A.B. asks: 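Sharing a structure, written as structure tokens. Questions coming.
Bear in mind that the values here come from a model prediction, so they are computed numbers and not experimental data. The chain is numbered in sequence order, starting from 1.
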Amino acid sequence: MNISLIREAYKEVDYLREKVIGNEGNLDFTNLPLLERDEIVQDPLKLMAPCYLSLLYRGELVKNNTSGSTGKCMEVYWRKQDYIKSMYSLWFYRNYFYGIHTWDKMCQFYTISRVGTGEEMERCTKTGLEFSINDLSEERLLDIYHKMEIFQPVWLLLQPCIAELLCYVKVKYQLSDLVSLRYIEMTGEELTEELKEHIHNCFNCPVASQYGANEVNSIAYECPQGHLHCMEDNVYVEILDDQGIPVPDGVSGNIYVTTCHNHAMPFIRYGIGDRGSIEENTCSCGHHGRILKLKSGRGDDWAWMENRRKINPYVFIRAVEAVNVVCGKLYSEGNGKKKFF
């Protein structure tokens, strides 16, 4: 836990300071107020200290968008150096457990890049080849797979339902293995053991889950023994009951996280919206973080058409995100004080 960041936040952020007025004499960590998503989703910049607004205006902050799958997309800002620090633990354990480095070639899928007819279907980064989830027909999935064969990624970063689609076309069309592939990371949805085993058998490489949120980045990461370890160098994880009281180890409750690095938008005792339990670390893998057991993750399911055709659920997420982007732009154009879009 980064005590200096917490003190800075309650000194500099008006919104947080106002939440504890009258209780300043009793401000140890467990007495700090809980922060819920609904409090800030309409105006997330109220969580930013004034000293960071100048960096925002100059375009010097890193921006992430939270998922719009709930209809509540939110922009999250980081100082670049804080964002890099928040990713260090994840990259350390990717390398420690699975031999993956920052320079290794990878493929992933994105929900939206821009709204309108000019939406790009794929894009290249310094080390990656990325594909839009728009229109994931069998024909396009085959084309994507063949492009992966040419690109030769070392690892894939996928949502479980996307991985299931790639397994489907690989098996149906008897496609060759991706010979360069050494690792697949699952994120964004709940991954069942059955699907994990299927993906492992289909691609002949290790499969691991990474649980996180764009507000704080990585929260927990799966070791080769199948345990989801809290990334305690990056976040402090609490399990609280419905009254906000900590529950004993092994008891399920609401997951709250506190950033160790995001000074620009300090999410402190922030409710992720998921449930789980914490267990002491009895694992011999070498990761020292406590073990997180998710009780209800961010599961996605398939949508079935009348003709029994199976539709990828991200088509709906993309639609919601597009609406969020358009409405955000309209809002910014109608209010000269909020032109941050």
A.B. asks: Does Phe267 have Arg37 sitting over its ring (NZ/CZ under 6.0 Å from centre, angle to axis within 45°)?
C.D. replies: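 Because its charged atom misses either the 6.0 Å distance or the 45° angle limit, Arg37 does not stack over Phe267.
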A.B. asks: Using a strict 4.0 Å threshold on nitrogen-to-oxygen distance, state whether Lys46 and Glu18 make a salt bridge.
C.D. replies: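 Glu18 and Lys46: not salt-bridged.
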A.B. asks: Under the side-chain contact (heavy atoms from CB on, under 4.5 Å) rule, what do Leu5 and Thr259 come out as? Steps first, then yes or no, please.
C.D. replies: CA-CA 9 Å; Leu5 182 151; Thr259 181; 4.2 Å; yes
A.B. asks: Shortest non-hydrogen contact from His287 to Asn281?
C.D. replies: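 Shortest heavy-atom separation between His287 and Asn281 comes out as O-ND2, 2.6 Å.
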A.B. asks: If every non-hydrogen atom of Met231 is compared with every non-hydrogen atom of Ser218, which pair is closest and at what distance?
C.D. replies: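 So the minimum-distance heavy-atom pair works out to CG-OG, 3.5 Å.
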A.B. asks: Within the side chain of Ser252, is there an N or O that forms a donor-acceptor pair under 3.5 Å with the backbone of Ser277?
C.D. replies: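 Not at all, since once roles are kept as given, no pair shorter than 3.5 Å links the two residues.
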A.B. asks: Drop me the distance from Glu130's CD to Leu157's CG, to the nearest 0.5 angstrom.
C.D. replies: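 Taking CD in Glu130 and CG in Leu157, the distance rounds to 9.0 Å.
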A.B. asks: Short question: side chain of Asn234, backbone of His261 - any donor-acceptor pair under 3.5 Å?
C.D. replies: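 A pair under 3.5 Å: no.
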A.B. asks: Taking all non-hydrogen atoms of both residues, which atom of Ile100 and which atom of Arg182 are closest, and how far apart?
C.D. replies: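 Minimum heavy-atom contact is CD1-NH2, 4.3 Å.
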A.B. asks: Compare all side-chain heavy atoms of Met186 with those of Leu158 and state whether any distance is below 4.5 angstrom.
C.D. replies: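 Touching, per the 4.5 Å side-chain cut-off.
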A.B. asks: Distance from Lys105 atom NZ to Thr127 atom OG1, nearest 0.5 Å?
C.D. replies: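 That separation rounds to 10.0 Å.
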A.B. asks: If you look at every heavy atom in Gln225 and Ser284, which pair is closest and at what distance?
C.D. replies: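 Closest pair (atom of Gln225, atom of Ser284, distance): NE2-OG, 2.9 Å.
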A.B. asks: Measure the acute angle between the ring planes of Tyr83 and Trp78, then classify it against the limits of 30° and 60° as parallel, tilted or perpendicular.
C.D. replies: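 Perpendicular.
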A.B. asks: Would you give the length of the straight line joining atom OG1 of Thr187 to atom CD of Gln159, rounded to the nearest 0.5 angstrom?
C.D. replies: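 Rounded to the nearest 0.5 Å, the OG1-CD separation comes to 7.5 Å.
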A.B. asks: Before giving the answer on side-chain contact (heavy atoms from CB on, under 4.5 Å), spell out for Asn217 and Asn64 the whole-Å C-alpha distance, their side-chain angles and the decisive distance to 0.1 Å.
C.D. replies: CA-CA 10 Å; Asn217 285 335; Asn64 273 344; 4.0 Å; yes
A.B. asks: Are Ile84 and Leu61 joined in one hydrophobic group, where the rule is that I, L, V, M, F, W and Y side chains link up if heavy atoms are under 4.5 Å apart?
C.D. replies: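 No.
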A.B. asks: Under 6.0 Å between ring centres: does that hold for Tyr173 and Tyr145?
C.D. replies: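 No, the ring centres sit 6.0 Å or more apart.
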A.B. asks: Is there a side-chain contact between Leu47 and Leu16 in this structure, where contact means two heavy atoms from C-beta onward sitting under 4.5 Å apart?
C.D. replies: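 Contact flag for Leu47/Leu16 side chains = yes.
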A.B. asks: Can you confirm whether the side chains of Tyr256 and Glu36 place a donor and an acceptor under 3.5 Å from each other?
C.D. replies: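 Yes.
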A.B. asks: Find out whether His288 and Glu232 are in side-chain contact, i.e. whether some heavy atom of one side chain is under 4.5 Å from a heavy atom of the other.
C.D. replies: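 The answer is no, as the side chains (C-beta and beyond) never meet within the 4.5 Å cut-off.
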A.B. asks: Any side-chain heavy atom of Leu294 within less than 4.5 Å of one from Ile255?
C.D. replies: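 When only atoms from C-beta onward are counted, Ile255 and Leu294 do touch, with a gap below 4.5 Å.
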A.B. asks: Can you measure from CD (Glu215) to CG (Asn262) and round to the nearest 0.5 angstrom?
C.D. replies: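 Output value for this atom pair is 10.0 Å.
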A.B. asks: For residues Glu138 and Tyr168, is any side-chain donor paired with an opposing acceptor at under 3.5 Å?
C.D. replies: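 Tyr168 and Glu138 do have a side-chain donor-acceptor pair below 3.5 Å.
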A.B. asks: Where is the tightest heavy-atom contact between Val237 and Cys230, given as atom of each residue plus distance?
C.D. replies: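 Taking every non-hydrogen atom into account, CG2-SG, 4.0 Å.
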A.B. asks: Is the backbone N or O of Pro33 less than 3.5 Å from a side-chain atom of Lys19, with the two atoms forming a donor-acceptor pair by type?
C.D. replies: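 Checked: no pair found.
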A.B. asks: Does the pair Asp14/Arg17 count as a salt bridge with the N-to-O cut at 4.0 Å?
C.D. replies: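 Counted as a salt bridge, because a side-chain N and a carboxylate O are separated by less than 4.0 Å.
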A.B. asks: Is Leu195 reachable from Val171 through a run of hydrophobic residues whose side-chain heavy atoms are each under 4.5 Å from the next?
C.D. replies: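 Unlinked, Val171 and Leu195 end up in two clusters.
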A.B. asks: So Ile199 and Cys167, do their side chains get closer than 4.5 Å, heavy atoms only?
C.D. replies: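 Yes - at least one pair of side-chain heavy atoms lies under 4.5 Å apart.
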A.B. asks: What are the two closest non-hydrogen atoms of His263 and Tyr52, and how far apart are they?
C.D. replies: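 Looking at all heavy atoms of both residues, the shortest contact is CB-OH, 3.3 Å.
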A.B. asks: Within 45° of the axis and under 6.0 Å from the centre of the six-membered ring of Tyr183, does NZ or CZ of Arg94 qualify?
C.D. replies: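 Judged by the rule, Arg94 and Tyr183 form no cation-pi pair.
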A.B. asks: Got a donor-acceptor contact below 3.5 angstrom from the Ser180 side chain to the Pro153 backbone?
C.D. replies: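 Yes.
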A.B. asks: Relative to each other, are the rings of Phe131 and Phe109 parallel, tilted or perpendicular (30° and 60° limits)?
C.D. replies: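 Answer is tilted, since the angle falls between 30° and 60°.
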A.B. asks: By the rule that ILVMFWY residues connect when side-chain heavy atoms come within less than 4.5 angstrom, directly or transitively, which residues belong alongside Ile291?
C.D. replies: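 Besides Ile291, the cluster holds no residue at all.
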A.B. asks: Would Lys196 and Glu222 satisfy side-chain contact (heavy atoms from CB on, under 4.5 Å), going step by step from the backbone distance to the final call?
C.D. replies: CA-CA 12 Å; Lys196 179 182 175 182; Glu222 185 180 4; 2.3 Å; yes
A.B. asks: Are Leu156 and Leu175 in one and the same hydrophobic cluster, where Ile, Leu, Val, Met, Phe, Trp and Tyr link if side-chain heavy atoms are under 4.5 Å apart?
C.D. replies: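 In one cluster: yes.
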A.B. asks: With no hydrogens and no angle check, do the side chains of Glu238 and Tyr236 hold a donor and an acceptor under 3.5 Å apart?
C.D. replies: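 Short answer, no.
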A.B. asks: How long is the straight-line distance from CZ of Arg58 back to CG of Leu53, given to the nearest 0.5 Å?
C.D. replies: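 It is 11.0 Å, given to the nearest 0.5 Å.
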A.B. asks: Consider only side-chain heavy atoms of I, L, V, M, F, W and Y, link residues closer than 4.5 Å, and tell whether Val257 and Tyr88 are in one cluster.
C.D. replies: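 In one cluster with Val257: Tyr88, yes.
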A.B. asks: Compute whether any side-chain donor of one residue and acceptor of the other, for Asn254 and Arg275, lie under 3.5 angstrom apart.
C.D. replies: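 Judged by distance alone, the side chains do pair up.
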A.B. asks: We want to know whether His200 and Glu197 form a side-chain donor-acceptor pair, criterion being a heavy-atom distance below 3.5 angstrom.
C.D. replies: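 Side chains of His200 and Glu197: no pair found under 3.5 Å.
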A.B. asks: Tell me whether Arg140 contacts the main-chain N or O of Asn134 through its side chain, where contact means a donor paired with an acceptor under 3.5 Å.
C.D. replies: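 Pair found, side chain donor or acceptor close to backbone of Asn134.
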A.B. asks: Please examine the side chains of Leu32 and Ile6, heavy atoms only from C-beta on, and report whether any two atoms are closer than 4.5 Å.
C.D. replies: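 Result yes, sub-4.5 Å side-chain heavy-atom pair found.
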A.B. asks: Please state whether the rings of His229 and His227 are parallel, tilted or perpendicular, taking 30° and 60° as the class boundaries.
C.D. replies: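 His229 and His227: perpendicular rings.
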A.B. asks: Given side chain to side chain donor-acceptor pair (under 3.5 Å), test Tyr77 with Glu75 step by step and report yes or no.
C.D. replies: CA-CA 7 Å; Tyr77 293 92; Glu75 292 180 338; 3.0 Å; yes
A.B. asks: Treat each ILVMFWY residue as a node, draw an edge where side-chain heavy atoms are under 4.5 Å apart, and state whether Leu45 and Tyr10 are in one component.
C.D. replies: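 Same cluster: Leu45 reaches Tyr10 through Ile, Leu, Val, Met, Phe, Trp or Tyr contacts under 4.5 Å.
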A.B. asks: So, Asp274 and Tyr211: side-chain donor and acceptor under 3.5 Å apart, yes or no?
C.D. replies: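 Yes, Tyr211 and Asp274 have a side-chain donor paired with an acceptor closer than 3.5 Å.
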A.B. asks: Going by heavy atoms in the side chains, are Arg269 and Thr258 under 4.5 Å from each other?
C.D. replies: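 Yes. Closest side-chain heavy atoms under 4.5 Å.
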A.B. asks: Any heavy-atom pair between the side chains of Met148 and Leu129 that's under 4.5 Å?
C.D. replies: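 Not touching, per the 4.5 Å side-chain cut-off.
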A.B. asks: I need the Ile219 CD1 to Gln210 CD distance, nearest 0.5 Å.
C.D. replies: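 The distance works out to 8.0 Å.
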A.B. asks: Quick check against the 3.5 Å criterion: does His101 have a side-chain atom that pairs as donor or acceptor with the backbone of Trp103?
C.D. replies: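 Absent.
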A.B. asks: When you compare the side chains of Tyr98 and Glu185, does any donor N or O come within less than 3.5 Å of an acceptor on the partner?
C.D. replies: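 No, no side-chain donor-acceptor contact under 3.5 Å.
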A.B. asks: Judged by modelled atom types alone, do Asn204 and Asp177 share a side-chain donor-acceptor pair under 3.5 Å?
C.D. replies: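 Checked: Asn204/Asp177 side chains pair up, N/O donor to acceptor below 3.5 Å.
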A.B. asks: Please check this pair: side chain of Glu12 against backbone of Cys51, looking for a donor-acceptor N/O pair closer than 3.5 Å.
C.D. replies: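 Between the backbone of Cys51 and the side chain of Glu12 there is no qualifying donor-acceptor contact (under 3.5 Å).
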A.B. asks: side-chain contact (heavy atoms from CB on, under 4.5 Å) for Thr102 and Asn95? Distances and angles first, verdict last.
C.D. replies: CA-CA 9 Å; Thr102 56; Asn95 181 37; over 6 Å; no
